Protein chains: 2
Amino acid sequence: MFRMTRQADYGIVLLACFAQREEGDSLNARDLAAEVHLPVPMASKILKALARAGLLASQRGVKGGYRLARRPDEISLAEIIDALEGPIGITDCSSGDHSSCDIAALCAVRGKWQSISGAMREALGSISLASMAGPPEPGPAAAAGRRPLPSAPARGKRARKEGSP
Amino acid sequence: MFRMTRQADYGIVLLACFAQREEGDSLNARDLAAEVHLPVPMASKILKALARAGLLASQRGVKGGYRLARRPDEISLAEIIDALEGPIGITDCSSGDHSSCDIAALCAVRGKWQSISGAMREALGSISLASMAGPPEPGPAAAAGRRPLPSAPARGKRARKEGSP
DNA sequence: CAAAATAGGACTCAAATGGTCCTCTTATTG
DNA sequence: CAATAAGAGGACCATTTGAGTCCTATTTTG
Ligand code: FES
Ligand code: FES
């Protein structure tokens, strides 16, 4: 449907590594990259961004590295994504002011998008890194996809999704 | 956060025009384009795609045009988006097979993303075109952004992977 | 000081998007 | 039947964006 950038995805994977270890464990870019099989420069770039955003604490110099700035259950997906791909909305238009879209003024659906966008943001905000790093069991994480995500009780909505590609 | 393509956005605006009129009303690309202040070729392109996807019924020839193939409350956002930007998932990886991502095998969070992706899909699937076209009142549409979208009970709770819900 | 790490950008390359145009087919109408 | 008004279906280009690399500081440790 929508696509998150790959970097954000990687970032979460990277952070999950921390979440799966001891609390204050410190790891450097090289080891981390090896762990998730990512090219070092890539991992490095992402880690830097994460550190800049305050999600990771960094330590320079020999024996330096990164560690989580907060407990894994105190970090939400929304924050990670924000850090890695900026606070953009679902649509160009729904993100704050109507700078990009020239039809914004007469756009009938603008407000709705903002609502939906906000809902997603909240949803992502309520999923913690800890739950992403947890076991694939029907634990907290599976629940993430479990609930039908009640949103708009679209009046007769059971529009069948017929067309199977 | 994520961004939907502009075309999908436009498509929804376009469809909303139909939803705001009489049931079987027919409109041609030119008029529609004028109504939403979009360049005609763009509108045309989008309408064609929508028709191909079966969301609009088209009539060729003089006095031709498009009209909704179904009732506005029988068309979901998910369908529209699928029609306009293909069935891609939140992450490259979460969309079906692990073709694109080379770290898919050892990716700890893959499964979780698929769940989340599915949840969003469902959420969008439950919002009808009718509710997008409706008044900005706290009607069905506002509700879209209302509920906190229960997903993973994250914040400050059992961080440890354990702790049965 | 030397080595090992992060910080911070600049840079390149490929792919996706937005947007336009052209040609063909179908229908209406006089 | 001919003219015209639509949609169908692509081809096409320009720009933006994203992925990924690299180079040069700046900090630490020993
Ligand atoms: S399409 Fe841009 S504001 Fe709605
Ligand atoms: S990052 Fe690609 S499968 Fe998780």
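Computed from a predicted model, the values in this text were never measured in an experiment.
Computed from coordinates, the A/Leu50 CG to C/dA7 P distance equals 11 Å when rounded to whole Å. Rounded to an integer number of Å, the gap from CG of A/Leu14 to C1' of C/dT6 is 14 Å. One can place CD of A/Gln7 at 14 Å from P of D/dT17, the figure rounded to the nearest angstrom. One interatomic measurement links the two molecules: CG of B/Leu47 to C1' of D/dA8, which rounds to 12 Å at whole-angstrom precision. One interatomic measurement links the two molecules: CG of A/Leu56 to C1' of C/dA5, which rounds to 15 Å at whole-angstrom precision. Counting to the nearest Å, the P atom of D/dA8 and the CD1 atom of B/Ile46 are 14 Å from each other.
Of all nucleotides listed (C/dG19, C/dT17, D/dT21), C/dT17 comes nearest to the side chain of A/Arg3.
The pair B/Glu85-B/Arg6 fails the salt-bridge criterion, with no side-chain N (NZ, NE, NH1 or NH2) lying under 4.0 Å from an Asp/Glu carboxylate O.
By the side-chain contact (heavy atoms from CB on, under 4.5 Å) test, A/Pro39 pairs with A/Pro41, A/Met42, sequence neighbours left out.
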Practice task
Heavy atoms under 4.0 Å is the rule here; annotate nucleotides 9-15 of chain C 5' to 3' with B where the base is hit, S where only the sugar-phosphate is, and - elsewhere.
Solution key: B------

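Contact between the side-chain N/O atoms of B/Ser58 and the OP1/OP2 oxygens of D/dA6 is not found at any separation under 4.0 Å. Residue A/Tyr66 has a polar side-chain atom (N or O) positioned under 4.0 Å from OP1 or OP2 of C/dA7.
The nearest pair of heavy atoms linking B/Ala53 to B/Ala83 is CB-CB, 3.4 Å. Smallest separation of non-hydrogen atoms from B/Ala19 and B/Pro72: CB-CB, 3.8 Å. In this structure, A/Leu84 and A/Gln7 approach most closely via the heavy-atom pair CD2-O, 3.8 Å. Scanning both residues, B/Ile46 and B/Gly11, for their nearest heavy atoms gives CG2-CA, 3.6 Å.
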Exercise for the section: Assess whether side-chain contact (heavy atoms from CB on, under 4.5 Å) is satisfied between A/Leu129 and A/Arg70, documenting all intermediate values. Expected result: CA-CA 10 Å; A/Leu129 174 59; A/Arg70 274 177 270 158; over 6 Å; no

Exercise for the section: Test side-chain contact (heavy atoms from CB on, under 4.5 Å) on B/Leu124 and A/Met120 and set out the steps. Expected result: CA-CA 10 Å; B/Leu124 265 336; A/Met120 292 209 171; 3.3 Å; yes

Problem - Residues B/Ile75, B/Ser128; criterion side-chain contact (heavy atoms from CB on, under 4.5 Å); working and verdict - result: CA-CA 5 Å; B/Ile75 296 177; B/Ser128 73; over 6 Å; no

Practice task
Begin with the C-alpha distance, continue with both residues' side-chain angles, and end with the deciding distance and a verdict on side-chain contact (heavy atoms from CB on, under 4.5 Å) for B/Ile81 and B/Thr5.
Solution key: CA-CA 9 Å; B/Ile81 296 172; B/Thr5 63; over 6 Å; no

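Within the structure, side chain to side chain donor-acceptor pair (under 3.5 Å) contacts touching residues 19-31 of chain B (residues at least two apart or in different chains) are B/Arg21-B/Glu35.
Residues of residues 24-33 of chain B having a heavy atom closer than 4.0 Å to DNA chain C: none are found.
Summary of helix geometry: the two end axes of the helix from C/dC1-D/dG30 to C/dG30-D/dC1, each defined by five base pairs via their C1' atoms, are inclined to each other by 10° (rounded to 10°).
Note that CG of B/Asp9 is 7.0 Å distant from CH2 of A/Trp113, once rounded to the nearest 0.5 Å. Atom CZ in A/Phe18 sits 4.5 Å away from atom CG in A/Leu32 (nearest 0.5 Å).
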Protein-nucleotides 27-29 of chain C N/O pairs closer than 3.5 Å?
none

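Checked by atom type and distance alone, the side chain of B/Glu79 pairs as donor or acceptor with a backbone atom of B/Ser76 at under 3.5 Å.
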